[in-house]
Amino acid sequence: MVGEEGAFVLGWDEVLTEEELSMTLKVLCMSEEEFKEYKEQDGWEDDSEEEENSTLSNEALSRLKTPCKKLLYDSVLLTLESYGSDLKAEQDLLNNKEAYEKLSRREQQALHVRYGQKRILHQLLELLQ
């Protein structure tokens, strides 16, 4: 369900791997009995029209059912914990011209990427509260 990378891709305005995230949340939030029934009815293909008509914009994410919101919220927290530093530390380093210039070009680029990723994840946490 998640694809080759095993991750979901989030943008500023929407989920870019929305089909994978929608299906994953739907399945993970099902009871065991619901899952068995869904699987027996070949539900994997029956929902294609429903999935095509629903985009996971930021607005749609904020309207997810509570169990799905909690699951996604907890997943975002775990992802943020996997980083070596928090958003504020990255922002402080970006704002400290002297420290920033001591970084290699590659380290500067990595800092910008991490900072952007963390900002998107923090935005998602706010949407899910």
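We number each residue from 1, following the sequence as shown. If you're wondering where the values come from, they're calculated on a predicted model, not measured in any experiment.
Distance OH/Y115 to CD/Q91: 3.5 Å, rounded to 0.5 Å. The distance from the CG atom of L10 to the CD atom of E18 is 11.5 Å, given to the nearest 0.5 Å. Once rounded to the nearest 0.5 Å, the distance linking CE of M23 with CG of L28 reads 11.5 Å.
Legend: residues meeting side-chain contact (heavy atoms from CB on, under 4.5 Å) with R105, ordered by chain and number and at least two apart, are Q108, Q109. Partners of D74 by side chain to side chain donor-acceptor pair (under 3.5 Å), not counting sequence neighbours, listed by chain and number: K70.
Contact check for T24 versus F8: side-chain heavy atoms found under the 4.5 Å cut-off. By the 4.5 Å heavy-atom criterion applied to side chains, E19 and S22 are not counted as neighbours. Looking at T17 and V15, their side chains come closer than 4.5 Å, going by heavy atoms from C-beta outward. At a threshold of 4.5 Å between non-hydrogen side-chain atoms, the residues L111 and L94 count as touching. Here the side chains of S62 and L128 are not in contact, with every heavy-atom distance at 4.5 Å or above. Looking only at side-chain heavy atoms (C-beta outward), L21 and L72 come within less than 4.5 Å of each other. At a threshold of 4.5 Å between non-hydrogen side-chain atoms, the residues L87 and L80 do not count as touching.
When hydrophobic clusters are built by joining Ile, Leu, Val, Met, Phe, Trp and Tyr residues whose side-chain heavy atoms come closer than 4.5 Å, directly or via intermediates, V9 is not grouped with L127. Cluster membership check: L25 shares its hydrophobic cluster with L77, using side-chain heavy-atom separations under 4.5 Å among Ile, Leu, Val, Met, Phe, Trp and Tyr.
Here the side chain of E34 pairs a donor or acceptor atom with the backbone of S31 at under 3.5 angstrom. Judged by distance alone, with hydrogens and angles left aside, the side-chain atoms of S57 form a donor-acceptor pair with the main-chain N or O of A60 at under 3.5 Å. In terms of modelled atom types and a separation under 3.5 Å, the side chain of N96 and the main chain of D92 share no donor-acceptor contact.
Residue E59 places its CD atom among 12 or fewer non-hydrogen atoms of other residues, nucleotides or ligands, all under 6.0 Å distant.
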Acceptor/donor pairs from residues 116-125 side chains to any protein atom, 3.5 angstrom cut, sequence neighbours excluded:
unit_1 : atom_1 : unit_2 : atom_2 : d
Q117   : OE1    : Y83    : OH     : 2.7
K118   : NZ     : S85    : O      : 2.6
K118   : NZ     : S85    : OG     : 3.1
K118   : NZ     : E90    : OE2    : 2.7
Q123   : NE2    : W12    : O      : 2.7

